[in-house]
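Inspection log for the structure reproduced underneath, given as structure tokens.
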Amino acid sequence: MNSQNKNSKPNSGKNMKNSKTTKTTKTTKATKATKNPKNTKVSVKSTKKMGKKLQKMRLTKSEKITTSKTESLNHKEENNLDRQVNKNLDININIEDVNKFKKIINTKKEDTKPKIIVMGRSNVGKSTFVKAMAADKTIRIGKKPGVTLKITEYDMGNYYLVDLPGFGFMEGIDQKGQEEIKDNIVKYVEDNQKTIATAIQILDAKSFVEIVERWEETRELPIDLEMADFLEELDLKPIYVINKMDKIKNAQWDEELDIISEKLGFLPPWRQWIDILAPAILKEGFGIEEINERIKNNIKQYYDNLRKQAKNKDLNKEITDENTE
Ligand SMILES: Nc1nc2c(ncn2[C@@H]2O[C@H](COP(=O)(O)OP(=O)(O)OP(=O)(O)O)[C@@H](O)[C@H]2O)c(=O)[nH]1
Ligand SMILES: [Mg+2]
């Protein structure tokens, strides 16, 4: 695989030969293959191994937990796993005021301005992203998981950008607190489903694979994938931002991104999912331009859908009016 130059745009047309034409065909194949694990006969390198892995993952996914409706993950186990991973990654962990997250600002129900929500585990860089987009210097970012504990909507003019608390492990916040935060996130998403144009799920390039693999051993679904499924089920057109790419050596970018892509259920090579997967170094602003482009596209789609719905409503009204005349 080619090495990835951090300073070049990995998504740019130049780097992606035939991106447009090849993407369409490959995407179709891959979609079929991921939807039907048995149908993994796609011309991907190391197909056998990949197919097995994918099948295993899809198997786990099919035993899926739907976030708000069924029982939640085994949190004690999750905390232990996450604690280990965080230890390995040398992350300092901290207690924050859980009550802060209860202060939820709600936009009015009739407001149809689209929302772009920013989700992800604690400490992956959600607020860093929002801060860069909203150019708001007062937004807190932190070295420790659990900095943002409330839901904040930033008015960006054409849309609202929503900074959400992280899900998963936050040391110092007990199981009940974590559950409550997760329930609040899920409730917010469900309540605002109609006006969410895109859900941006941010992943930490360095720890994501490690976390997923630990979970695969227990045959349970890590919260990142649980949330990813939840977003896809609600058809929220998620964009996965693979952040902290500065922690991956340049020469390993493609290899690592392929693995992440596969773990998310998208058959590698990752570049065929260029509209969905966005490598980034958010703290340096790298990748933001591409993400912004995708946000714009999804907002356009959102308005197109609204227009279609309004048109259908008018048509229905016309038909009903005609019938009652
Ligand atoms: N190495 C590296 N660190 C980053 C990057 N982006 C953000 N960070 C750091 O990651 C840490 C967490 O960033 P936040 O933006 O507060 O993360 P968050 O997801 O909002 O965290 P919570 O609010 O706790 O859920 C901070 O120390 C950031 O400086 C990046 O691209 N690379
Ligand atoms: Mg935050």
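Both ligands and their constituent atoms are indexed starting at 1 by order of listing.
- Rounding to the nearest 0.5 Å gives a distance of 15.0 Å between NZ of Lys296 and CD of Gln301.
- In terms of polar-atom proximity, Pro165 is not counted as a contact of ligand 1, lacking any N or O under 3.5 Å from an N or O of the ligand.
- The aromatic rings of Trp273 and Phe266 are tilted relative to each other, their planes meeting at an angle between 30° and 60°.
- Residue Thr128: no N/O/S atom is found under 2.8 Å from the Mg ion (ligand 2).
- In summary, of the residues considered (Met119, Lys237, Glu226), a side chain to side chain contact (heavy atoms under 4.5 Å, CB included) with Leu231 occurs for Met119 alone.
- Counting only N and O atoms by type, the side chains of Tyr188 and Gln193 include no donor and acceptor under 3.5 Å apart.
- Cation-pi geometry between Lys263 and Phe208 is not met: the NZ or CZ atom fails to fall both under 6.0 Å from the ring centre and inside 45° of the normal.
- If you check each of Met119, Lys131, Lys244 against atom 4 (C) of ligand 1, the one with the closest non-hydrogen atom is Lys244.
- The part of Asp246 lying near ligand 1 is the side chain, judged by heavy-atom distances below 4.0 Å.
- Checking Ile117, Leu236, Ile295 one by one against Ile200, the side chain to side chain contact (heavy atoms under 4.5 Å, CB included) holds for a single residue, Ile295.
- Those atoms of ligand 1 with a heavy atom of Lys247 less than 4.0 angstrom away are 1 (N).
- Between Gly125 and ligand 1, at least one pair of N/O atoms sits closer than 3.5 Å.
- For Asn243, a nitrogen or oxygen atom sits less than 3.5 Å from a nitrogen or oxygen atom of ligand 1, counting backbone and side chain alike.
- Between Lys126 and ligand 1, a contact under 3.5 Å exists for at least one N or O pair.
- Atoms of ligand 1 lying under 4.0 Å from any heavy atom of Gly166, numbered from 1 in the order shown and given with element: 25 (O).
- Here Asp254 pairs with Arg271 in a salt bridge; the nearest charged N to carboxylate O distance falls below 4.0 Å.
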